[in-house]
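Contents: one structure, followed by commentary.
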Amino acid sequence: MIDIVNTIIVEENKILMLKRAFEPKNKLDLLGGFVDKGENIEAAAIREAKEESGFDIQLKEKLGVYPHQDPNKQFHVFIGEIISGELTSSEEGEPQWIPFEDLNKENLAFPNMHISVLNLFFNENGLGFKIIYP
């Protein structure tokens with residue numbers, strides 16, 4: 001099984017997303033990526049968040065493990081918070097704080113996964129927001 005990590009970081013009704021520099025280009029994605037061989041899942045989530053945002057983070061909890069469209073892959077989604085650092089772009093893309101209400105099917109890189117995971121996060125954390133997906 002190939003493991004992929006994603007981290008949700010939220011501050012003041014905004015979520016930190018990566019505007020991708022590669023396909024699907026210019027779409028919004030959660031911070032994250034592939035777990036390297038021999039790396040544990042939590043360390044991968046922290047590393048990927050730093051590489052893609054410039055922020056050092058700590059993981060607060062694991063939201064869950066979700067299937068990928070490729071049956072040989074799975075997503076591990078964490079909730080994190082910023083410890084230190086400065087918002088910095090990378091070759092992966094440009095990190096941006098996106099207001100919840102600006103999230104929609106058209107601007108998300110992987111809407112099927114993102115919408116279900118983000119709506120679960122919003123609901124479980126009592127944030128009173130839901131991405132509408134017909």
Side-chain angles (χ1 to χ4, degrees):
M1 183 67 67
I2 297 171
D3 292 307
I4 301 167
V5 292
N6 288 114
T7 303
I8 296 171
I9 300 171
V10 169
E11 289 186 1
E12 300 174 9
N13 294 325
K14 293 182 181 178
I15 184 168
L16 185 57
M17 302 286 285
L18 184 72
K19 186 174 182 183
R20 294 168 58 100
F22 50 93
E23 292 304 321
K25 192 172 182 174
N26 295 321
K27 298 286 185 174
L28 299 174
D29 199 355
L30 293 171
L31 301 179
F34 291 98
V35 178
D36 291 338
K37 186 175 181 175
E39 183 178 37
N40 76 41
I41 292 166
E42 291 81 4
I46 292 167
R47 174 184 54 78
E48 286 287 348
K50 173 73 171 182
E51 289 174 2
E52 293 184 351
S53 73
F55 290 122
D56 292 302
I57 68 161
Q58 68 181 11
L59 301 177
K60 294 176 17 181
E61 66 181 274
K62 188 171 187 176
L63 188 62
V65 181
Y66 304 93
H68 188 277
Q69 62 190 23
D70 176 341
N72 296 316
K73 296 177 183 176
Q74 62 185 358
F75 290 100
H76 299 263
V77 181
F78 294 91
I79 300 169
E81 64 185 3
I82 296 169
I83 300 171
S84 64
E86 184 176 304
L87 195 65
T88 307
S89 295
S90 70
E91 64 184 25
E92 304 286 328
E94 180 186 344
Q96 300 180 346
W97 288 104
I98 306 295
F100 295 164
E101 61 270 12
D102 290 349
L103 298 170
N104 59 61
K105 179 185 174 210
E106 287 73 36
N107 66 8
L108 293 170
F110 306 103
N112 291 339
M113 188 279 279
H114 286 140
I115 291 172
S116 61
V117 167
L118 289 172
N119 280 342
L120 175 66
F121 168 76
F122 294 140
N123 184 54
E124 286 189 2
N125 288 277
L127 295 172
F129 184 78
K130 182 176 182 178
I131 303 170
I132 305 300
Y133 183 57

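- A chain of hydrophobic side-chain contacts below 4.5 Å, direct or via other Ile, Leu, Val, Met, Phe, Trp or Tyr residues, connects F78 to I46.
- The same ILVMFWY cluster, assembled from side-chain heavy atoms under 4.5 Å apart, contains both M17 and L127.
- Closest non-hydrogen pair, P95 versus S89, comes out as CD-CA, 3.6 Å.
- Remark: I79 CD1 to T7 OG1 distance equals 10.0 Å, nearest 0.5 Å.
- Atom NZ of K62 sits about 5.0 Å away from atom CD1 of I41, to the nearest 0.5 Å.
- In the hydrophobic clustering of ILVMFWY residues, with side-chain heavy atoms under 4.5 Å counting as a link, L120 and L59 come out apart.
- In plain terms, the two heavy atoms of N40 and A43 that are nearest each other are OD1-N, 2.7 Å.
- Under the 3.5 Å distance criterion, the side-chain polar atoms of N6 are left unmatched by any main-chain donor or acceptor of V77.
- Side-chain contact between F34 and K73: present, with at least one pair of heavy atoms (C-beta onward) separated by less than 4.5 Å.
- Hydrophobic clustering (side-chain heavy atoms under 4.5 Å, transitive across Ile, Leu, Val, Met, Phe, Trp, Tyr) keeps F121 apart from L16.
- The shortest side-chain heavy-atom distance between I82 and E11 falls under the 4.5 Å cut-off.
- Within a 6.0 Å radius of CD in E91, other residues, nucleotides and ligands contribute 12 heavy atoms or fewer.
- A donor-acceptor pair is defined here as one N or O able to donate and one able to accept, closer than 3.5 Å; no such pair exists between the side chain of K105 and the backbone of I132.
- How far CD of E51 is from CD of E92: 7.0 Å, rounded to the nearest 0.5 Å.
- A donor-acceptor contact shorter than 3.5 Å is absent between the side chain of E52 and the backbone of S90.
- Taken from CZ in F75 to NE2 in H68, the straight-line distance is 4.0 Å, to the nearest 0.5 Å.
- Taking 4.5 Å as the limit, some side-chain heavy atom of E124 sits within range of a side-chain heavy atom of L63.
- Within 6.0 Å of NZ in K50 there are more than 12 heavy atoms belonging to other residues, nucleotides or ligands.
- The side-chain heavy atoms of I98 and K19, taken from C-beta on, include no pair separated by under 4.5 Å.
- Under the 4.5 Å side-chain criterion, counting only non-hydrogen atoms from C-beta, L31 is not in contact with E48.
- Within a 6.0 Å sphere centred on CD of E106, other residues, nucleotides and ligands contribute more than 12 heavy atoms.
- Annotation: side chain of F129 is not in contact with side chain of L118 (no heavy-atom distance under 4.5 Å).
- Of the possible donor and acceptor atoms, one in the side chain of N107 sits under 3.5 Å from a partner among the backbone N and O of D102.
- Taken from CD1 in I4 to CD in Q74, the straight-line distance is 9.0 Å, to the nearest 0.5 Å.
- Atom NZ of K130 sits in a sparse spot, with 12 or fewer heavy atoms from other residues, nucleotides or ligands closer than 6.0 Å.
- Note: the hydrophobic cluster containing M113 also contains I15 (ILVMFWY, side chain heavy atoms under 4.5 Å, direct or indirect links).
- Relative orientation of the F122 and F100 rings is tilted, given thresholds of 30° and 60° on the angle between their planes.
- Atom CG of L18 and atom CG of D29 lie 6.5 Å apart (nearest 0.5 Å).
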